[in-house]
Amino acid sequence: MGRTLAEKVWDDHVVRRAEGEPDLLFIDLHLLHEVTSPQAFEGLRQAGRKVRRLDLTIATEDHNTPTIDIDKPIADPVSRAQLETLRANCAEFGVRLHSLGDVEQGVVHVVGPQLGLTQPGTTVVCGDSHTSTHGAFGALAFGIGTSQVEHVLATQTLPLARPKTMAITVTGALADGVTAKDLILAIIAKIGTGGGQGYILEYRGEAIEKLSMEARMTICNMSIEAGARAGMIAPDRTTFDYLQGRDHAPTGEDWDAAVAYWQTLRTDDDAVFDAEVVIDGATLSPFVTWGTNPGQGAPLSANVPDPASYEDASERHAAEKALEYMGLTAGQPLREIKVDTVFVGSCTNGRIEDLRAVAGIVEGRKVADGVRMLVVPGSVRVALQAVEEGLDKVFKEAGAEWRHAGCSMCLGMNPDQLAPGERSASTSNRNFEGRQGKGGRTHLVSPQVAAATAVLGHLASPADLSDANATAGV
Amino acid sequence: MEAFTTHTGRAVPLRRSNVDTDQIIPAHWLKKITRDGFEDGLFEAWRKDPEFVTNRPERAGATVLVAGPDFGTGSSREHAVWALQNFGFKTVISSRFADIFRGNSLKNGLLTVVLPQETVEQLWKLTEADPTAEITVDLVDRQVRAQGVVAEFELDDNARWRLLEGLDDISLTLQNEADIATYESGRPTFKPRTIQA
Ligand code: SF4
């Protein structure tokens with residue numbers, strides 16, 4: 001019988017398989033950042049162990065890093081200590097590190113792909129749940145905990161039970177103005193935050209094949225919000241073109257051998273998935289969240305749902321709690337929700353294509369009075385590219401703040417946070433209570449919706465903008 | 001890792017679903033570089049409410065957390081497990097756990113027990129009506145027992161064995177050093193490298 005993409009990549013990495021034991025899987029690429037690694041390095045040190053494969057390991061600083069005044073010492077002593085711990089650990093063990101100020105620094109899931117380190121058919125892990133991002137290349141990529149970080153550092157392997165596989169087939173083509181973010185939010189709303197639990201998702205179908213690498217990364221990034229272990233997309237010409245010429249992409253004969261292998265990484269026609277979901281991509285429209293988990297979303301044209309409409313008691317209770325926390329009332333049109341802050345960035349939507357989309361919408365327009373807009377590039381490379389294209393000027397002229405690269409307000413470990421009760425439209429991936437700052441209220445949106453919302457001051461899509469929002473003479 | 005065989009203790013009934021890791025331990029706690037000292041961060045936002053269940057005097061010293069479905073969703077932070085353990089929990093019962101959280105918990109000797117939602121309801125009712133009611137989680141027999149409740153739970157043999165023995169995964173894996181070396185020598189040359197080693 002044929003095999004799925006996930007099964008092929010899995011099988012190619014089994015170091016040892018024994019009855020009654022989890023498979024021991026080889027890890028091709030281990031990404032590290034400052035938050036989930038200190039206790040792992042400490043464990044190695046206590047056991048007198050080394051990093052087994054320094055050549056398959058790379059670290060960057062992202063979660064705690066400030067996005068302004070990066071040349072000054074980091075104000076928060078605890079954040080500073082954590083970054084210094086990473087620097088000391090990488091120096092002691094010999095791990096390649098891209099620190100704040102380095103041209104390759106950035107959010108770990110933006111850095112791996114842009115260096116060409118994330119490749120089809122590889123296994124990629126990181127002490128970070130959004131490692132699922134790398135699955136966009138046909139890699140098997142998943143987040144791990146700190147004990148597993150230590151395990152990979154010491155052995156370059158992980159003992160794992162093989163998850164089941166689920167096909168998410170998106171038929172039809174996405175309409176104009178509908179993005180990868182809208183699609184993944186709609187998928188999570190459909191299958192729920194636990195719907196992917198125990199599965200590796202494979203996104204496939206016409207709508208997926210047409211997506212750029214950036215858009216595919218947005219989709220795979222949020223697989224974890226559906227509870228999935230990983231999300232994958234079969235590599236194709238789009239993938240190969242993105243990789244060719246990147247720093248760590250293979251060259252010469254190796255390139256040819258790699259492409260020949262990568263082309264085998266497709267689910268066989270006779271392979272059977274453990275579960276299948278079909279979504280009609282052509283029916284989708286811009287999608288936003290109204291609640292406090294990423295599954296609580298609805299089309300922008302809809303109203304805030306009535307908790308009483310949920311049959312399941314725990315869902316009803318969750319919806320009531322969410323509305324209370326979010327300060328919303330059932331039946332209120334989503335379009336009328338006013339925001340204080342717009343955050344464009346994160347490993348979901350902090351890539352160059354996202355910044356271009358936002359710039360295209362705010363160009364010649366102004367951020368609404370009383371709204372603060374932060375644009376935080378996913379990496380220094382993304383920032384440099386944006387500057388080269390003049391996007392930074394567009395943002396500044398519109399009244400947005402143009403910041404340095406990092407996770408920033410995606411989780412507010414640095415000073416970029418929402419104040420209690422403040423409401424944001426955010427291109428990030430989590431709308432949990434307090435995620436962007438204590439008491440902060442988050443609506444997850446696409447970059448396009450974020451941009452239109454910034455201009456109008458309430459949740460909106462670019463279609464809602466009229467020429468009246470454009471500044472005269474621009 | 002601490003071994004887990006059987007544990008009996010009073011419970012904290014947490015009637016919430018989708019308890020994500022940002023609720024279990026908010027991000028600003030993640031700046032710490034140790035595995036201990038997270039107890040004050042556990043459910044930090046909710047604990048501001050004096051009526052929140054863990055703040056009730058009758059719940060002091062409870063060691064069994066009984067939570068709604070989809071417990072531990074969200075980030076991979078193992079700090080969520082450490083916070084629960086630092087606070088004093090030995091085991092968490094829910095009808096569904098997020099995968100990464102579950103993996104992390106088992107690696108640290110915090111037993112996560114999956115029971116049907118009806119049984120969770122029964123345990124909620126029992127421990128809400130009587131805060132002194134005890135729950136026994138028996139890994140040897142893979143069984144949860146409380147007044148009026150005897151429920152079997154599943155845990156694969158390998159994970160169970162490692163928990164019962166308190167075994168360290170890394171030492172176990174390193175026993176297969178030869179297999180790892182063999183695999184490494186067969187890897188194609190086109191695979192990426194971060195540095196030339
Ligand atoms: S951008 Fe957000 S989701 Fe991505 S790694 Fe950083 S904190 Fe995590």
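Atom set for the values below is all heavy atoms of this structure, side chains included, hydrogens, waters and symmetry mates excluded.
When the heavy atoms of residues 8-20 of chain B are compared with those of chain A, the residues falling under 4.5 Å are B/Arg15, B/Arg16, B/Ser17, B/Asn18, B/Asp20, listed by number. Identified by a heavy-atom distance below 4.5 Å to chain A, the contributing residues of residues 174-190 of chain B are B/Leu174, B/Asn176, B/Glu177, B/Asp179, B/Ile180, B/Ala181, B/Tyr183, B/Glu184, B/Arg187, B/Thr189, B/Phe190, in residue-number order. Within residues 47-57 of chain B, the residues approaching chain A closer than 4.5 Å by heavy atoms are, in numerical order, B/Lys48. Residues of residues 250-257 of chain A having a heavy atom under 4.5 Å from any heavy atom of chain B, listed by number: A/Pro250, A/Asp254, A/Ala257.
A donor-acceptor pair shorter than 3.5 Å cannot be found between the side chains of B/Thr73 and A/Thr193. No donor-acceptor contact under 3.5 angstrom links the side chains of B/Asp156 and B/Asn158, judged on distance only. A donor-acceptor contact under 3.5 angstrom links the side chains of B/Asp36 and B/Thr34, judged on distance only. With 3.5 Å as the limit, one finds no donor-acceptor pair spanning the side chains of B/Glu118 and B/Gln122.
Contacts of A/Leu411 with chain B are made by both backbone and side-chain atoms, with heavy-atom separations under 4.5 Å. Both the backbone and the side chain of B/Ala27 come within less than 4.5 Å of a heavy atom in chain A. Heavy atoms of B/Phe101 lying under 4.5 Å from chain A are absent altogether. Only the side chain of A/Asp76 comes within contact range of chain B, with at least one heavy atom under 4.5 Å from a heavy atom of that chain. Interface residue A/Leu29: only side-chain heavy atoms are found under 4.5 Å from chain B. Proximity to chain B (any heavy atom under 4.5 Å) is shown, for A/Glu150, by both the backbone and the side chain. In this structure, chain B has heavy atoms under 4.5 Å from both the backbone and the side chain of A/His151. For a residue to count as touching a neighbouring chain, one of its non-hydrogen atoms must lie under 4.5 Å from one of that chain's; by this rule A/Gln119 touches chain B with the side chain only. The parts of A/Thr146 that come within reach of chain B are both its backbone and its side chain, each placing non-hydrogen atoms under 4.5 angstrom from that chain. Heavy-atom distances place the side chain of B/Trp82, and not its backbone, under 4.5 Å from chain A. In this structure, the portion of A/Tyr261 lying under 4.5 Å from any heavy atom of chain B is its side chain and not its backbone. Only the backbone of A/Thr57 comes within contact range of chain B, judged by heavy atoms closer than 4.5 Å. Only the backbone of A/Val14 comes within contact range of chain B, judged by heavy atoms closer than 4.5 Å. Both the backbone and the side chain of A/Arg435 have a heavy atom closer than 4.5 Å to some heavy atom of chain B.
Between A/Gln39 and A/Thr85 there is no side-chain heavy-atom pair separated by less than 4.5 Å. In this structure the side chain of A/Leu56 never reaches within 4.5 angstrom of the side chain of A/His30, judged on heavy atoms.
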(request) Apply the test salt bridge (Lys or Arg N to Asp or Glu O under 4.0 Å) to residues A/Asp23 and A/Arg162: give CA-CA distance (whole Å), side-chain angles for both, the deciding distance (0.1 Å), then the verdict. (result) CA-CA 7 Å; A/Asp23 285 349; A/Arg162 194 165 85 181; 5.8 Å; no
(request) Kindly determine whether B/Val137 and B/Phe153 satisfy side-chain contact (heavy atoms from CB on, under 4.5 Å), including the steps that lead there. (result) CA-CA 10 Å; B/Val137 175; B/Phe153 65 88; 4.3 Å; yes
(request) Apply the test side-chain contact (heavy atoms from CB on, under 4.5 Å) to residues A/Phe26 and A/Thr157: give CA-CA distance (whole Å), side-chain angles for both, the deciding distance (0.1 Å), then the verdict. (result) CA-CA 4 Å; A/Phe26 192 80; A/Thr157 64; 4.2 Å; yes
(request) Go through A/Asn89 and A/Val95 one step at a time and tell me if the side-chain contact (heavy atoms from CB on, under 4.5 Å) criterion holds. (result) CA-CA 8 Å; A/Asn89 282 331; A/Val95 174; over 6 Å; no
(message) For B/Ser105 and B/Thr112: C-alpha separation, side-chain torsions, deciding distance, then whether side-chain hydrogen bond (donor to acceptor under 3.5 Å, both in side chains) applies.
(response) CA-CA 7 Å; B/Ser105 64; B/Thr112 37; 3.1 Å; yes
(message) Could you go through B/Ile25 and B/Glu78, starting from their C-alpha distance and side-chain angles, then the distance that decides it, and tell me whether this counts as side-chain contact (heavy atoms from CB on, under 4.5 Å)?
(response) CA-CA 10 Å; B/Ile25 186 89; B/Glu78 200 156 312; over 6 Å; no
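Judged purely by atom type and a 3.5 angstrom limit, B/Ser94 uses its side chain to pair as donor or acceptor with the backbone of B/Gly68. Of the possible donor and acceptor atoms, none in the side chain of B/Arg193 sits under 3.5 Å from a partner among the backbone N and O of A/Asp55.
Contact tally against chain A (heavy-atom pairs below 4.5 Å) for B/His79, B/Glu44, B/Arg102: the top residue is B/His79. The greatest number of non-hydrogen atom pairs below 4.5 Å with chain B, out of A/Asp247, A/Thr118, A/Thr122, A/Leu117, is found for A/Leu117. When the candidates B/Thr21, B/Asp70, B/Ile100, B/Asn108 are compared by the number of heavy-atom contacts under 4.5 Å with chain A, B/Ile100 comes out ahead. Comparing B/Lys107, B/His28, B/Gln117, B/Arg77 by heavy-atom pairs within less than 4.5 Å of chain A, the highest count is held by B/Lys107. Annotation: maximal heavy-atom pairing with chain B below 4.5 Å, among A/Glu42, A/His63, A/Gln148, occurs at A/Gln148. Comparing B/Leu172, B/Asp169, B/Val81 by how many heavy-atom pairs each has under 4.5 Å with chain A, the most go to B/Asp169. Contact count versus chain B (heavy atoms, under 4.5 Å) is highest, among A/Ser79, A/Ala318, A/Gly43, for A/Ser79. Considering only heavy-atom pairs separated by less than 4.5 Å from chain B, the leading option among A/Arg229, A/Arg52, A/His248 is A/Arg52. Heavy-atom pairs under 4.5 Å with chain B were tallied for A/Gly439, A/Gly412, A/Pro163, A/Ser314; the largest tally goes to A/Ser314. With chain B as partner, the option from A/Glu21, A/Glu433, A/Glu315 having the largest number of non-hydrogen pairs under 4.5 angstrom is A/Glu433.
Atom CD of B/Gln147 is surrounded by 12 or fewer heavy atoms from other residues, nucleotides or ligands within 6.0 Å.
Taking CZ of A/Phe41 as the start and CG of A/Leu153 as the end, the distance is 5.0 Å to the nearest 0.5 Å.
Residues A/Gly145 and B/Asn104 approach most closely at CA-OD1, 3.1 Å, considering heavy atoms. Residue A/Gly291 comes nearest to A/Ala322 through the heavy atom pair CA-CB, 4.0 Å, listed as atom of the first residue, atom of the second, then distance. What you find for A/Gly440 and A/Tyr325 is that their closest heavy atoms are O-OH, 2.8 Å. Across all non-hydrogen atoms, the minimal contact from B/Ser76 to A/Gly127 is OG-C, 3.4 Å. The heavy-atom pair separating B/Ala133 from B/Leu126 by the smallest distance is CB-CG, 4.0 Å. Between A/Arg246 and A/Pro113, the shortest heavy-atom distance links the atoms CD-O, 3.7 Å.
Under a cutoff of 6.0 Å and an axis angle of 45°, B/Lys32 and B/Phe38 form a cation-pi pair.
In this structure, B/Phe43 and B/Trp46 have parallel ring planes: the angle between them is below the 30° cut-off, well short of the 60° mark.
Just one of A/His13, A/Gln156, A/Arg53 meets the side-chain hydrogen bond (donor to acceptor under 3.5 Å, both in side chains) condition when paired with A/Asp28; it is A/His13.
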